[in-house]
K.L.:
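Supplied in structure tokens, the structure appears directly below.
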Amino acid sequence: MKHLIRTAAALVFATAALPALAATDTPVGKWKTIDDKTHETKSIVEITEHNGLLEGKVLEVLKSDKGPHPICDECSGDRKNKPIEGMTIMWGLKKDGDEWSGGQILDPAKGKIYKVTLKLEDGGKKLDVHGYIGFSLIGRSQEWVRAE
């Protein structure tokens, strides 16, 4: 009887832990963007999934060279002079092995769009965001930290 109770308790504990584990095997969630040059937290981006594709939206700009509530004055098209907060800056990523690729990312400071790959690190607590033109070997990476 004790063995049955222990087994049931272990099963309940393992089942309760599954949602926490599942949350770290996907980039879906809120992330603090860390500037790759200054190492300062710049914004909070929320990554969501729609029809199997990931997209990222800026929820809050924490630090900007253009002051509070910056606009995308370097952007073109529909994004030109629109607030960066609330803007979708990443789209079209799909799972490809242990990373997500095939999408694009906007650098609002420069108004430029790059190809992007995402890779989870440190048990899902960090996200390597690699933007590039042409080949992925040439480009720039940022480390984003999961916002709790």
K.L.:
Do you reckon V28 sits in the same ILVMFWY cluster as L53, going by side-chain contacts under 4.5 Å, direct or chained?
P.N.:
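No: no chain of side-chain contacts under 4.5 Å links V28 to L53.
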
K.L.:
L120 and side chain to side chain contact (heavy atoms under 4.5 Å, CB included): which partner among R146, E99, K125, K126?
P.N.:
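The single option meeting the side chain to side chain contact (heavy atoms under 4.5 Å, CB included) with L120 is R146.
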
K.L.:
Does NZ in K95 sit with more than 12 non-hydrogen atoms of other residues, nucleotides or ligands closer than 6.0 Å?
P.N.:
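Atom NZ in K95 is crowded, with more than 12 foreign heavy atoms closer than 6.0 Å.
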
K.L.:
Starting from V145, can I reach V116 by hopping between I/L/V/M/F/W/Y residues whose side chains sit under 4.5 Å apart?
P.N.:
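V116 does not cluster with V145.
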
K.L.:
Counting only heavy atoms not in N81 (residues, nucleotides, ligands), do more than 12 fall under 6.0 Å from its CG?
P.N.:
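Enclosed: over 12 neighbouring heavy atoms sit under 6.0 Å from CG of N81.
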
K.L.:
So, do K110 and E74 sit near enough that their side-chain heavy atoms are less than 4.5 Å apart?
P.N.:
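Of all side-chain heavy-atom pairs linking E74 with K110, none is under 4.5 Å.
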
K.L.:
Tell me whether the count of non-hydrogen atoms from other residues, nucleotides or ligands lying under 6.0 Å of NE2 in H69 goes above 12.
P.N.:
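Incorrect, the count does not exceed 12.
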
K.L.:
In this structure, would Y114 and L54 fall into the same cluster of hydrophobic residues linked by side-chain contacts under 4.5 Å?
P.N.:
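Hydrophobic grouping puts Y114 with L54.
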
K.L.:
Would you mind reporting whether I105 and W91 have side-chain heavy atoms less than 4.5 Å apart?
P.N.:
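In short, these two side chains do not touch, never coming nearer than 4.5 Å.
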
K.L.:
Any heavy-atom pair between the side chains of I84 and R79 that's under 4.5 Å?
P.N.:
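A side-chain contact under 4.5 Å is absent here.
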
K.L.:
Would you check if C75 and L106 make a side-chain contact, meaning some heavy-atom pair closer than 4.5 Å?
P.N.:
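The answer is yes; the side chains approach within 4.5 Å.
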
K.L.:
Quick check: is V58 connected to L62 through a chain of hydrophobic side chains (ILVMFWY, heavy atoms under 4.5 Å apart)?
P.N.:
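In one cluster: no.
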
K.L.:
Considering all heavy atoms of both residues, which atom of G134 and which atom of K115 are nearest to each other, and what is their separation?
P.N.:
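Taking every non-hydrogen atom into account, O-NZ, 3.7 Å.
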
K.L.:
Indicate yes or no: at least one non-hydrogen side-chain atom of C72 is less than 4.5 angstrom from one of K82.
P.N.:
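No. Closest side-chain heavy atoms not under 4.5 Å.
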
K.L.:
Is E55 reaching over with its side chain to a backbone N or O of T48, donor-acceptor style, under 3.5 angstrom?
P.N.:
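No.
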
K.L.:
Of all the heavy-atom pairs spanning P27 and I47, show the shortest one and how long it is.
P.N.:
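Taking P27 first and I47 second, the nearest heavy atoms are O-CB, 3.5 Å.
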
K.L.:
Indicate if L59 and M87 have the same hydrophobic cluster label, given that clusters are the connected sets of ILVMFWY residues with side-chain heavy-atom separations under 4.5 angstrom.
P.N.:
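No; tracing contacts between hydrophobic side chains, which count when under 4.5 Å, never links both residues.
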
K.L.:
If you define the side chain from C-beta out and look only at heavy atoms, does anything of E143 sit under 4.5 Å from D36?
P.N.:
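When only atoms from C-beta onward are counted, D36 and E143 do not touch, as no gap falls below 4.5 Å.
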
K.L.:
Once rounded to the nearest 0.5 Å, what's the spacing between atom NE2 of H130 and atom CD1 of I138?
P.N.:
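The NE2 atom of H130 sits 9.0 Å away from the CD1 atom of I138.
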
K.L.:
Is there a side-chain contact between D73 and K66 in this structure, where contact means two heavy atoms from C-beta onward sitting under 4.5 Å apart?
P.N.:
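Side chain of D73 against side chain of K66, heavy atoms only: contact under 4.5 Å found.
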
K.L.:
Mind checking the CD-OG1 spacing from Q142 to T33? Nearest 0.5 Å is all I need.
P.N.:
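It comes to 6.0 Å.
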
K.L.:
With a 4.5 Å heavy-atom cut-off, do V45 and K30 have their side chains touching?
P.N.:
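Not touching, per the 4.5 Å side-chain cut-off.
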
K.L.:
Would you check if the side chain of T88 reaches a backbone N or O of K57 as a donor-acceptor pair within less than 3.5 Å?
P.N.:
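No; zero donor-acceptor contacts below 3.5 Å.
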
K.L.:
Going from NZ on K112 to CD on Q104, what distance comes out if it is rounded to the nearest 0.5 angstrom?
P.N.:
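Atom-to-atom, K112:NZ and Q104:CD are 14.5 Å apart.
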
K.L.:
For a quick test of reading the model, state the closest non-hydrogen atom pair linking P70 to G67 and the distance between them.
P.N.:
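Closest heavy-atom pair between P70 and G67: CD-O, 3.5 Å.
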
K.L.:
For the CH2 atom of W100 and the CG atom of L127, what is their distance to the nearest 0.5 Å?
P.N.:
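Reported value, rounded in 0.5 Å steps: 8.0 Å.
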
K.L.:
Below 4.0 angstrom, N of the basic side chain to O of the carboxylate: do D35 and K63 qualify?
P.N.:
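Here D35 does not pair with K63 in a salt bridge, since their nearest N and O are not under 4.0 Å apart.
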
K.L.:
Give me the atom names and distance for the closest heavy-atom approach of S101 to T117.
P.N.:
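Nearest heavy atoms, S101 then T117: CB-CG2, 3.8 Å.
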
K.L.:
Drop me the distance from E60's CD to K42's NZ, to the nearest 0.5 angstrom.
P.N.:
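It is 14.0 Å, given to the nearest 0.5 Å.
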
